[in-house]
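Note that the structure is a prediction, hence the values are computed from the model and not measured.
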Amino acid sequence: IRFTLLFNHYCLLILAKAGQFFSSGHTNNWAVLVCTSRFWFNYRHVANTLSVYRSVKRLGIPDSHIVLMLADDMACNHRNPKPATVFSHKNMELNVYGDDVEVDYRGYEVTVENFLRVLTGRLPPSTPRSKRLLSDDHSNILIYLTGTSRWNGFLKFQDSEEISNVELADAFEQMWTKRRYNELLFIIDTCQGASMYERFYSPNLMALASSQVGEDSLSHQPDLAIGVHLMDRYTFYLLEFLEDIHPASTANMNDLFKVCPKSQCVSTPGHRTDLFLRDPGNVLITDFFGSVRKVEITMETINLTAPMVPVSELKTESQSYVDQLPVAEIIHQKPKQRDWHPPDGFILGLWTLILLVFFKTYGAKHLKHIF
Amino acid sequence: MAAHRCNIFMLVFVLCGLTYVFVRADIEDTNHVKDAESVAVDIAPKANIGASLRSTKTEDQTQAAEEERQWEATEVKEADRVPDTMQTPDVPPLTPAKDQFQEELVIRPLHSGDIYASFQFRTMWDTDFLRGSKVSHYRLFPKSLGQVISKFSVRELHISFTQGYWRTMQWGQPFLPSPPGAELWVWFQDTVTDVDGAWKELTNVLSGIFCASLNFIDSTNTVQPSASFKPLGLGNVTDQRFLRYAVLPREIVCTENLTPWKKLLPCGSKAGLAVLMKSEKLFHSSFHSQALHFRPVCQDWKCKSTVWELRQTLNVVFDLHTSGQGKREWSLFKMFSRTVTEACPLASSSKVYVDVTDNPQGELFELSPTTPLLSQAVVLGDRRTYSVYDLTNQATFGQTRSLNMLLRWRAAESGDMLRPLLHGERYVAGYGLQTGEIHTLMYNNHPYRAFPVLLLDTVPWYLRLYIHTLTVTSKGRDNKPSYIHYQPSKDRLRPHLLEMLVQLPPNSVTEVTMQFERALLKWTEYTPDPNHGFYVGSSVISALVPSVVAMDTNSTRECPLFSSFFPCKEESSYFMRVYTEPLLVNLPTPDFSMPYNVICLTCTVVAVGYGSLYNLLTRTFQVEEPSPGLAKRLANIIRRLRGVPLL
């Protein structure tokens with residue numbers, strides 16, 4: 001009897017733990033990966049973003065849940081000696097661009113306004129789904145930013161505008177009040193990156209940066225054939241670390257904090273976990289980098305009917321192709337009827353002036369000749 | 001500690017039980033069984049919970065797979081190959097398939113040593129997008145595109161993405177011309193009331209489908225041509241109010257545009273000719289263009305009913321020298337780094353054509369493997385001979401089960417190329433950043449025939465054209481166009497539109513010149529890299545060119561896809577479009593650090609100037625005596641007491 005009681009007790013414990021696993025946390029994963037710099041010499045920033053994109057895709061997040069923003073095109077740039085490739089290492093073994101890439105925002109579309117609109121969800125109604133962050137309050141979001149910032153407190157977008165740490169913190173607060181995320185991991189690889197997460201104040205945010213305030217993030221190594229630096233140090237070692245992660249991996253955030261120590265990175269990576277409710281040691285890497293699919297089994301049966309037989313078409317009279325260059329028709333074309341617009345302000349004013357002058361010179365008694 | 005160990009043991013016990021139950025349930029799927037068993041052995045608690053998740057997932061997968069198998073059974077009608085896992089269908093016989101898919105690849109060696117490969121994929125579907133009842137059953141036709149077409153009531157959609165410029169004088173005429181950048185032109189149905197609104201939404205939706213920045217198409221680069229771009233499909237409605245045309249010359253084409261384009265094909269990039277499309281080779285070329293054309297066509301030669309045709313084309317020109325080796329030798333493997341192993345099972349015809357017109361006896365180059373099939377087609381006004389490889393025939397693949405065509409040149413001389421009859425060039429003349437001149441040259445290389453061409457020019461509003469300086473000259477004399485349509489631009493609203501019908505005299509060059517002035521933009525309107533310059537889209541020259549050979553107006557015969565794109569009305573001429581180069585003009589660019597400089601300077605001037613002025617006006621000078629020594633101060637005190645003047 002004691003054995004059965006013990007058994008029941010432990011079964012309940014197991015169920016409670018299982019229940020906790022299923023009720024805590026998230027049901028879907030999103031990733032917003034942004035590269036903010038333009039021009040060929042910033043090849044490494046695009047390579048950074050693409051390597052995180054590659055890892056995130058490999059670990060299970062589908063393209064429909066990734067918003068990828070690249071400010072310039074490096075792969076098909078005419079300076080690229082190997083078109084349609086972006087390499088992360090000078091031995092050219094890993095093409096992070098790949099064959100199956102979908103960039104949602106590219107070129108001039110990567111602006112501070114578009115980035116903040118994506119985060120807060122305030123996009124014009126005709127924006128397609130692939131350009132929206134359709135997260136809900138059970139989404140875990142990974143946000144990765146890379147670019148240049150010469151001073152502390154901001155990140156430059158395409159060398160013409162910047163986003164400040166206050167704006168970013170406010171955007172995250174908007175996301176929190178609108179319940180657009182469950183937990184958010186923010187990674188930034190730029191000079192003085194730690195200044196970007198100093199101002200966060202919303203709950204459930206964890207942030208990582210490649211360097212502290214006052215330090216510069218350095219690039220890894222140049223390639224002599226391509227002629228530019230291929231990747232930044234922090235993201236290079238991050239990619240190396242992520243390549244060892246697979247969807248069932250149990251590595252947690254503490255391992256991620258150890259990526260790229262000062263000996264490898266030259267700068268000191270920093271992290272911030274005070275706003276995060278769970279203990280980082282309990283947070284799996286795949287909670288943010290991978291994708292969770294919850295499966296519900298149903299025993300209902302669905303009747304699949306045969307496809308609809310289309311109604312027989314009405315037989316129209318035989319049609320023909322349009323003449324592509326009907327010269328005679330074009331020459332004798334009537335000017336097309338333009339929609340009538342009421343006269344413009346200037347014309348109205350001019351006519352009023354003319355009428356006023358007329359009636360002033362000739363007097364109002366002439367009005368009777370008109371009416 | 002004991003509790004913890006007992007916990008683990010109980011967990012293992014419970015989950016083993018669960019796993020056993022699931023193993024019993026899906027007894028047919030050996031793969032899933034192996035998975036569940038191997039996972040159950042792992043004793044870490046979290047992984048076990050994961051295992052239970054996965055085993056539930058496998059259950060669901062089996063159920064889904066079974067449902068899928070049922071669905072597949074009702075689906076199979078005319079598949080060329082019966083899948084092995086299919087169960088015997090016991091459904092009533094269905095109507096014949098309403099859609100069909102054809103694919104072909106044309107390889108044409110060019111005289112400069114390069115090679116031109118053109119893929120064409122055609123899906124024809126007999127359905128009705130127009131009627132209210134929504135189409136929900138998609139088989140070969142891509143669903144994402146079908147939904148867009150029915151939502152926006154699109155009659156014709158033509159979109160192309162091109163990287164590089166087609167060199168007509170060196171390469172001849174392409175099968176399907178396209179301008180550099182992105183070009184989109186759409187004919188809407190006549191039931192659409194707000195064409196501009198539908199256009200704006202359509203461009204946004206397409207930008208999401210093709211991962212391109214088509215959302216930059218707005219009223220500043222959209223025009224409504226009045227005579228060009230007549231519908232290429234069936235129909236008699238030609239009210240140009242329903243036509244919109246836009247071009248983005250700056251648009252970059254890369255793998256992210258190719259990926260969604262390939263996903264629209266029925267076989268994707270997994271089978272058939274689409275396996276050859278590997279981005280690393282396709283973008284390492286002199287010219288790359290992918291396009292999508294949607295229009296209504298005749299179902300058969302009687303033309304009693306219309307079907308909807310979706311053509312996806314990919315044209316690429318590989319350069320002889322960038323591909324390495326000096327030898328003039330081309331093969332499928334050298335071009336695409338892949339070979340064809342099978343035809344797309346969903347295709348009703350899958351063929352590869354190699355142009356052997358210049359090689360009737362095999363004296364110029366050697367083609368292997370040889371094929372007995374030859375076909376002649378009249379395309380671009382010329383009769384060409386093609387060797388045909390039929391991929392639906394297993395014998396084509398031979399012993400190696402793969403087809404790799406090899407063309408090896410024997411002679412060094414390639415002979416003369418047939419000069420293209422129509423050719424266009426455009427450039428900007430002038431100096432400085434204030435004014436300039438656009439020159440468009442149109443060459444008519446026919447020895448004795450003159451023909452009319454329609455020139456369409458779209459110039460952005462920031463190049464202010466002076467139309468009174470428009471001159472059209474041929475052979476030194478003025479050539480008055482028989483039709484001119486000019487729509488002036490409105491700043492920040494509308495671009496210039498100029499359409500002219502010009503008769504080109506035989507064997508001549510016609511030059512169209514126009515002067516313009518460059519505008520200064522507002523400082524927020526400049527792009528982040530304004531020193532690169534601003535692009536002006538290509539001019540479009542549409543012409544009915546007299547053909548050397550009688551064109552085939554008889555649409556009864558089955559003709560290859562590449563020769564049947566432009567509809568042919570008469571035998572003596574064929575319709576052609578030529579695109580000129582896009583222009584790159586520099587606008588006067590301000591120094592963007594000037595606001596900072598101005599603020600500093602102004603503040604300094606105000607501080608120095610105002611400060612000095614204020615001081616001058618309000619400062620008074622008072623003479624102040626130095627304070628006297630102690631002795632004098634004491635003496636002054638005594639003197640004051642005495643009432644005597646001070647020292």
Side-chain angles (χ1 to χ4, degrees), chain A residues 6-7 10-11 13-14 17-18 21 38-39 73 75-76 82-85 95 97-104 106-109 124 126-131 158-160 248 250 293 295 297 302 304 306-310 313 315-316 318-327 330-331 333 336, chain B residues 6-7 10-11 14 46-47 49-50 53 56-57 59-60 70-71 74 91 94-95 127 137 163 200-201 204-205 207-208 211 213 226-227 230-231 234-236 238 240 252-256 259-260 279-280 283-284 302-306 452 454 482-483 501 527-529 542 544 566-567 569 575:
Chain A
L6 264 171
F7 175 67
Y10 286 122
C11 269
L13 267 178
I14 292 159
K17 222 179 185 172
F21 177 80
R38 172 167 275 278
F39 303 122
D73 172 56
C76 289
K82 290 189 191 304
T85 59
N95 173 16
Y97 196 56
D99 214 14
D100 185 23
V101 59
E102 287 185 19
V103 182
D104 302 303
R106 54 184 206 159
Y108 298 129
E109 293 178 289
S126 52
T127 317
R129 280 182 76 104
S130 58
K131 287 186 167 176
Q158 300 209 41
D159 221 9
S160 67
T250 52
R293 306 283 166 91
V295 176
I297 308 169
I302 303 169
L304 297 169
M308 292 189 304
V309 179
E313 326 83 46
K315 290 290 179 198
T316 54
S318 77
Q319 295 172 312
S320 58
Y321 289 103
V322 177
D323 205 356
Q324 289 298 306
L325 196 67
V327 178
I330 292 172
I331 293 175
Q333 204 173 27
K336 62 175 187 191
Chain B
C6 274
N7 203 349
M10 286 308 143
L11 208 55
V14 165
K46 280 203 178 126
I49 294 173
L53 265 181
T56 58
K57 197 163 82 160
E59 243 263 327
D60 196 35
Q70 281 174 13
W71 181 245
T74 58
V91 288
L94 294 161
T95 54
T127 181
H137 177 57
Q163 178 203 62
K200 182 95 193 103
E201 286 194 31
N204 275 309
V205 167
S207 86
C211 291
S213 10
S226 62
K230 292 258 181 267
L234 287 182
N236 42 15
T238 54
Q240 309 272 142
I252 303 159
V253 187
C254 208
T255 313
E256 66 251 21
T259 309
S279 57
E280 282 179 15
F283 291 102
H284 199 61
K302 279 196 285 264
C303 216
K304 283 277 180 221
S305 59
T306 47
L454 194 57
S482 28
Y483 170 79
L501 184 69
T527 55
D529 54 349
S542 321
L544 271 176
F566 288 115
K569 289 252 170 181
F575 178 74

Per-residue contact mode, A:P124 against chain B (heavy atom under 4.5 angstrom) | neither
Rounded to the nearest 0.5 Å, how far apart are OG of B:S207 and NZ of A:K131?
-> 3.5 Å
Which bit of A:S160 is near chain B, if near means a heavy-atom gap under 4.5 Å: side chain, backbone, both or neither?
-> side chain
State whether a side-chain donor-acceptor pair under 3.5 Å links A:D100 with B:T259.
-> no
For chain A, find which of B:P231, B:P452, B:S542 contributes the most heavy-atom pairs closer than 4.5 angstrom.
-> B:P231
Taking side chain as C-beta onward, heavy atoms only, is B:C254 less than 4.5 Å from A:Y97?
-> yes
Check against side chain to side chain contact (heavy atoms under 4.5 Å, CB included), B:D529 and A:Y108 | CA-CA 10 Å; B:D529 54 349; A:Y108 298 129; 2.7 Å; yes
Partners meeting ring pair (Phe, Tyr, Trp, His ring centres under 6.0 Å) with A:Y321 (sequence neighbours left out) | none
Please look at B:Y483 and chain A and tell me whether the side chain, the backbone, both or neither of the residue comes under 4.5 angstrom of a heavy atom of that chain.
-> side chain
Would you mind reporting whether B:S279 and A:D99 have side-chain heavy atoms less than 4.5 Å apart?
-> yes
Option that, when pairs with chain A are counted at under 4.5 Å, heavy atom only, ranks first among B:S482, B:A227, B:S213 = B:S213
Partners of B:P260 by side chain to side chain contact (heavy atoms under 4.5 Å, CB included), sequence neighbours excluded?
-> B:C211
Count the heavy-atom pairs under 4.5 Å between each of A:N95, A:T85, A:V101 and chain B, then report the option with the highest count.
-> A:V101
One option among A:V322, A:I331, A:D159 has the most heavy-atom pairs under 4.5 Å with chain B, and it is A:V322
Mind checking the CD1-CG spacing from A:I330 to B:L501? Nearest 0.5 Å is all I need.
-> 5.5 Å
Check: A:R106 side chain, B:I252 main-chain N or O, donor-acceptor pair, under 3.5 Å = yes
